[in-house]
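Down below is the structure, laid out as structure tokens.
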Amino acid sequence: MNFLLEPLSIVTFSPLLGVLVLLFLKSEQKAALRWTALVTSLITFLISLWAFFFSGLYNPANGGLQLVAKYNWINVAGWDIRYYLAADGLSILLILLTTFLTPIAILSTWTAVEERVKDFMLFFLLLEVGMIGVFVAQDLFLFYIFWEFTLIPMYFLIGIWGGPNRLYAAVKFFLYTMAGSILMLLAILWLGINGGTFSVPDLVAQGNIPADTQLWLFIAFAAAFAIKVPMWPLHSWLPDAHVEAPTAGSVILAGVLLKMGTYGFLRFNLPLFPEASVQAAPVIGWLAVIGILYGAAVSFYQKDVKKLVAYSSVSHLGFVMLGMFALNAQGVAGAILQMVNHGLSTGALFLLVGMIYEQTHTRDLPVYGGLWKITPIFGTLTLIVGLSSMGLPGLNGFVGEFTILLGAFGAGMKDGVFAGAGGFWLAGLAAVGVILAAIYILYMFQKMFLGPAGEITKHHDLKDLNWREILTLLPLLVFIFWIGLYPKPFFDLMMPAIENLLMPFQAILMAAH
Amino acid sequence: MTQTDFSTILPVTILTAWASLLLLADLFLPREQKGWTALLAALGLALTMGITLAQSGQEFAPGFGGMIVRDGFSTFLNVLFLLIGLLGIAVSHGYNHRMGIERGEYYPLMLFSVVGMMLMAQATDLIVVFLALELLSFPLYVMAAFAYPKPQSEEAGLKYFLLGAFSSGFVVYGIALAFGATGSTDLAYILAAVSTGAASLPLLTAGAGLILVGFGFKVAAVPFHMWTPDVYQGAPTSVTAFMAAGAKAAGFAALLRVFGMAFPALAADLAPLMAILAALTMILGNLVAVAQTDMKRMLAYSSIAQAGYILMAFAPFDNEAARTMAVAGGLFYLVAYTLASFGSWGVVIALERAEDKGLQITDYNGLGRKYPLLGAAMAVFMLSLIGLPPTLGLIGKIYLFRAALEGGLVWLAIVGALTSIVSAFYYLRVVVNMFMREGQPQVEREWWLEFAIGAVAIGTIIVSLWPFPLFDWAQQAVMVLF
Amino acid sequence: MLLNEANPATGFFGLVPWIVFAPVIGLLINAFFGKRLGETGVGLVASLAAGAAFLVSVLQAVSLAQHPEGAIVKLGEWIHIGQLALDWAFRVDTLSVTMMLVVSGVGTLIHIYAIGYMREDVRFKNDPARFPRFFVFLNLFIAAMMILVSGDNYLMLFVGWEGVGLASFLLIGFWYDMDTLGRPSWANSNAAKKAFITNRVGDFGFLIAGFLMFWYLGSFQFDAVFAGAPGLAKLHPEIILLMTVFMLIGVAGKSAQIPLYVWLPDAMAGPTPVSALIHAATMVTAGVYLIARSAPIFGLLHDSQYIVATVGAVTALFAATIAVGQYDIKKVLAYSTISQLGFMVAAVGMGAYVAGMFHLVTHAFFKALLFLGAGSVILGLERGHHHAAHHHGHGSHAENHHEETFDPGDMRNMGGLRKTMPVTFWVYMVGTLALGGIFPFAGFWSKDEILLDASLHFPHVYWILSAAAFLTAFYMGRQVWMVFFGKARHEAAEHAEESPLVITIPLIILAALSALGGFINLPFKGFHQFGHWLEHTLGAIEFPPFSLAVAGVSTLLALGAIALSWLLYQRKPLEHGQADPLAKPLGLLFVGMENKWFIDEAYQFLFVQPYHALAGFLAQKVDWDFWHEWFHDSVLVQGFVGLARFLANPVDLGLIDRVSYWLSDAIRASAEGLRKLQTGFVRSYALSVVLGVAAILGYLLLK
Amino acid sequence: MVPVSYYLILSAILFSLGALGVLMRRNALVIFMSIELMLNAANLAFVAFTRVHETFSGQIFVFFVMAVAAAEVAVGLALIVTIYRSRQSVDIDQLSSLKG
């Protein structure tokens, strides 16, 4: 049982202790259930902080995998499946984002979830295990198990505690995601069979996959990840899932689950199939740009706030994909940071929407209006988060979007990956997304908070945020400002790993041009 | 009869004797104490299981002039069959009582059927294979009609019987042709005849094809599947549970044994056929299951589809490098399927009430709410049948896909993958109904049933986290075949 | 503590971050404790914060006097990725300190003015609780503007650039739940949104210019960029041209040039101090500052200069024509601002950086003065209106009537204010003369320098600007006649009252600056103090000799314009309800001027509506109806379910059955008159088995 | 002497007739008899092949098949009788309540 004592194992599985405690509590003990879940997730967060920063076991200056836990798991002729956990600069921020957002999401359910609290918390903690697992697994097989596992709790979270159309949304979410991942499974098996191992670092080190095969495998992996991201035009499940999911579910869905897709590209597609990545980069780049503009335009039209935010995710994650496939330091670093940013900003937006929804039970924009006068704190926080989401300099969103666009623009230079496939146009059009983002965010802000008082504002006795709600948002705000003003610690964490990641691409790009 | 001969058939003999005695003993049991029969039958199975396991250390041990054998393969499967028998008793006991079909001969019949299954795994002569096939089938015919005079049950019994007998006609004729081609029904001899060139290959091929039909019927492969939904629906659910796991497993056992031992020379011809059968079975089973509203029919089509997945293990039959692993994967999946299938039928039994109430998928609405553990168990089975973590079904499916890929059958793996998505569609509907819709399902609380369901659910999860021993065992088991 | 240690700054340079910190501290105090501080407390804190920033700026100037080379004060690292190295670093040189002084100096005055103005305004608008918020935003603006002018790299400049945009958005939309007349409406918030989004369009240009800069010059830091630019200009002049053009888009957004000026007139929805501070004196000049700051790039290509100068000049004239046709006192000033910004942009475009910056400074003085004066007028009218309504009494009908129609900003409601508001009148006159370019007021000197430069290098710019200068004097004359002379055309104007000291004192200070501000850079040999001051930053500057001809012509034009306006508007003062005297002689031309040449409508038609339609089309038709409903629900789901049903019924039971029927028919036929046979299910199942057998055997034996 | 192939052809014909009978007859009993015919066709083949290979095992198989067929009769008739009792008919086309 040594493998359970590894730091990353403890991080990954510590929510299970909470699950155990929950099992012994009665469904009626709602407060105890909530506190158990909250404390568990907080402890998990603290453990993750300890593991990376205070244990002395993780050296941020090292670009390689660290905190390695590597044990044989399933080892029969030709099968070499390992229990292989590790973290590096590509995943550390996402692991921390997961452990950070989970307690916040749980806190947001304090009064929002009154039914079946026990089941809710159970699923939530299980979901956390799956999400952390996805980010720490270095064995394809193990990764796949965690990957698929996250589907189940989320499916229940949407399906049981969701809105009126929840069944449809839950099943759609499930089937879309599964459709993608099953193709990835085949590619994983192919890799395992031909490489004799499922361990990602070993497969990367072997790196002898012929270019045309690479492309097929790339597509198979991309199918899973692109649906999860979701990249345009595979986003059709997202508005449903987001709109129907309970607030905490939306927060986690936007904050972490979508990142699993982008992380997958980063962790698997790029290093495993470098030649194919270079080949596919323009296609992905263009899809990302379309997604950026399309998502922004479509969200501008929405009357449902949650849907608006959901479509904005399509736009934001387009930025992430664009930066990642710019395949230069700025682009990739920006992409990783933007994953975190999107988790914070969109997570916060969903929290805010959830908080007002709890009072008014409507998300219909036209019935709001003039809210700022009645709920100044709520309005101000929404404004800050909205500004962060549209990339106002000084807040986190800008740092991510700017570095991404800078990277994408650089990829249009003559030795870049987009040269000859649109060049500067990609970054140029993507930068138009910055304008469109301002349009839909301001539209949302205006329709809710500015203007004359709307029906809801007039006829409801609306209360401003209470202390618990402010406390829920505060940590997010701290990071929104921190990353915006002083992102250096965050970049420092990822840069060595990014340099390692990008090493092979120099040569490939040289050869290509 | 030598000592080896005897030790080879010791478990089978004991179980047969036990069943016969049980039949007698049952006569002396008063009507209201038929529970004892069940307990005694379980005892017999447990005893046999003990003996089988005790013998398991010994190597390939042929008996009766090579007609029957005891080896790792048979041990693996016999343990599985005995387990199926035990589970079958566990789910039958309360149900039969509740449905008013608690008759003494039920358990002896079940034991006889298990004997047939065990013989099937042990047979190395086509004569024994045929006998075992019939021995396992006859009790099932009777049990399918066990709820007489309920029309559906009678209809199921007769349909099963007529079609079963019809298909065994093909098997017999196939055996005759194989015999004609090689001059023997001994599997080892047939193999030898082929390799020395003494055999008439066209005749043998035709024979193999006809035998395949018989087994295909037992495992419910398309296009020999059509009896399945009707019989599964019409038969008492307890019988269906037993049949869905046992008969299918036995069919695969025979398929593996016969095709593994006797027909490797025909592999190049048979393998593509298997791949096509597997693909058709997966596609048709899964697609048709989607349209079902009756739980039993849905599960029946699901079991057809699952057979398709297991058939994937035969697809790389012509690839020497891949087939051992493939067949081991097949055995592994068989276990995964058995557990999930038994579990889900167990839940169906828990919900079924007299006059065919509680069998619609909509009758599962709110199950997870009212009976969270039962709902959770059912969810585990559904996830396992889809092939999602943390269940055995995922590991099994991965083994099978891997087998197909290793055998170079990428298209088959893709078909498997795509149909898995389709399967999610209807399995999830059950989960949706259980957890996300409101309803007032009524469940009969029965200790044995719940214990069986719980044990199977936990097993499905635990083994998936630590699948290595089971797979290792499966791999050891198939070593002897090739 | 927050002072920089790595760069041991000489003199007071190390204090420079406090120009940002001070207003930030101010805004935080007011944001958190604003409710408890009371109105005076809030105003005091905010003014002190702005004043502190001004003090630090003065100290910078003092240090610069001793160390004119300036300093770079690094606060910390910001974004470091690969060769991308962005720091939080402040640049203290004569150019940035000039801007700091203007921003914080005028800013402080306006803060003080706003204490008085907002105290009344929030009461007129019935929401006193909103008072602290105004000063939070105002401090936010100062902080952002200070970042803009003091940043040592383009990206930090951009932080300020967008930051002031945000502050502008918040302040324009300060009365977000009403229109300029206080009626519940979306108008103000629409104006705010329009400002932000238009600015974002400009920011887009800025960003693209930044990308080009980074990937071709390898840095965002001013010195590094300027060092590399000449080399690039030789290798790839087109890149430099692109860079400048995209930067010009940014400038057009922020400094309200064609084609992005449309937000500025709407921005008058903000309270008057905001119009004065942000939309006249400081923020809108950021674009001018940007070009002056980027002088080493813009100066490289004649093409860039030509484009920028032309855009500026055309804007100057274009906006001036619109200003002639406006009735709202602030709208006139708004278009005047656009026009004057055109002067500045044209100046810096031509390479006359000193002239441009000079005009920027003087314009800050007199335009702030004019706006604040206008604010004072509006308040005066509101007081008068209040007074009148009060006296009229008790008929709520009358009051309602006034509420609905009275617009205190409409010049047609004014007239004769020179008597009721004497202080305001006099300072306003100073501002008018300065703006009109009448000797010796500040505007005369700075405008003259621009015209002089233009006459030497870009004659077409000179002609356009001269026309604009003529119109400037004309519309200012028109305004003054309409507002302060003649008879009151509305009872509110009749009862208008002078503003309190807290308002008039800043006005007087600004009036003094407007009158005397021109003397910082007299265009005679031996003077040019301002030019020499900037030389430390911009490098050696060639000062063209003062030309009496240019100065004479422009003065004559201005005087002529004022005379013309007197003829039209004062000789026979406007009566209530009378049409503008220009309407008849100019005809359609005046309709165009009145309606801003229908540019807003055109944009609405060309951009806004199509985007709405496109977004609607994408969202409703493409994404929802087509992709979500049709493709997913109909094609995927229905297709799938249909296929499943089809297989379940027609195929599994039907097709296979059908084939069975068909085959059984065939068999029957071949079996020669076998008895009539009815197939049943069991038998069709059996047939399926037989078919399977046949297929398998066929496959095995025939292949 | 009659060649073995004749027996085989006969056996094939009998088998086919049996299969056709299953497909075409409605009476459960007749169908059942047709199945017996198929089994006996197999038996004939066994016997014939036994001649070819000059071994006994085929003939032994025949006995097994006959025994199994007898057992089948027991089970089958029991089922058919049960059904006749409840429905007064052994027309298998009426046994189609289970479908779908």
Side-chain angles (χ1 to χ4, degrees), chain A residues 27 72-79 81 83 115-116 118-119 122-123 126 129-130 133 141-142 144-152 155-156 158-162 166-171 174-194 198 216 220 223, chain B residues 321-322 324-325 328-329 368-369 372 375-376 379-380 382-383 386-391 394-395 397-407 410 413-414 416-425 427-429 431-437 464-476:
Chain A
S27 317
N72 283 336
W73 183 27
I74 305 175
N75 201 340
V76 282
W79 277 118
I81 297 172
Y83 177 82
E115 278 194 30
R116 300 168 80 176
K118 181 175 174 177
D119 303 355
L122 272 177
F123 284 127
L126 287 176
V129 173
F141 196 92
L142 188 63
Y144 184 77
I145 287 178
F146 280 124
W147 170 271
E148 288 287 63
F149 180 72
T150 56
L151 258 185
I152 297 159
Y155 166 70
F156 281 107
I158 298 175
I160 299 180
W161 292 272
R166 58 184 183 274
L167 297 184
Y168 172 83
V171 172
F174 196 103
L175 289 179
Y176 263 70
T177 322
M178 192 178 161
S181 45
I182 202 106
L183 289 175
M184 173 173 74
L185 174 62
L186 297 183
I188 287 177
L189 292 173
W190 195 97
L191 280 172
I193 292 164
N194 286 278
F198 285 91
W216 286 111
Chain B
T324 313
M325 296 292 293
R369 186 100 195 247
V380 168
M382 293 294 115
L383 293 180
I386 301 174
L388 283 173
T391 63
L394 168 74
I395 313 283
K397 234 171 218 178
I398 287 174
Y399 278 126
L400 288 174
F401 289 166
R402 177 176 179 245
L405 287 173
E406 256 183 335
V410 181
I414 290 175
L418 294 178
T419 52
S420 294
I421 302 167
V422 174
S423 76
F425 199 76
Y427 290 126
L428 280 186
R429 200 159 50 205
V431 182
V432 165
N433 284 5
M434 287 193 303
F435 287 93
M436 304 171 196
R437 289 189 203 276
S464 84
L465 297 177
W466 197 243
F468 167 58
L470 180 62
F471 190 78
D472 199 34
W473 191 15
Q475 211 193 356
Q476 302 281 326

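Chain letters run A, B, ... following the sequence lines, proteins first and then strands; every chain starts at 1.
- For the set L405(B), L428(B), L388(B), the count of heavy-atom pairs under 4.5 angstrom toward chain A peaks at L428(B).
- Partner of I152(A) under the side chain to side chain contact (heavy atoms under 4.5 Å, CB included) criterion, out of T391(B), V380(B), I386(B), L383(B): L383(B) alone.
- Here the straight-line distance linking atom CZ of F468(B) with atom CG of N72(A) works out to 9.0 Å at 0.5 Å rounding.
- Across P389(B) and E148(A), no two heavy atoms sit closer than the pair CD-CB, 3.1 Å.
- We find the CD1-CZ distance between I188(A) and R402(B) to be 13.5 Å, quoted to the nearest 0.5 Å.
- Taking every heavy atom of both residues into account, A424(B) and M178(A) meet most closely at CB-SD, 3.7 Å.
- For chain A, the nearby parts of R369(B) are the backbone and the side chain; heavy atoms of each come within less than 4.5 Å.
- Within the model, atoms CZ of F141(A) and CD1 of I395(B) stand 4.0 Å from one another, a figure rounded to the nearest 0.5 Å.
- The only member of L186(A), L185(A), I81(A) that meets side chain to side chain contact (heavy atoms under 4.5 Å, CB included) when paired with I398(B) is L185(A).
- Environment of CH2 in W473(B): crowded, with over 12 heavy atoms of neighbouring residues, nucleotides or ligands closer than 6.0 Å.
- A pairwise comparison of heavy atoms in F401(B) and L189(A) identifies CB-CD1, 3.2 Å as the closest pair.
- Residues E406(B) and I193(A) share a closest heavy-atom pair of CG-CG2, 3.4 Å.
- Side-chain contact check for V432(B) versus Y168(A): every heavy-atom pair is 4.5 Å or farther apart.
- When the candidates Y144(A), F146(A), Y155(A), F149(A) are compared by the number of heavy-atom contacts under 4.5 Å with chain B, Y155(A) comes out ahead.
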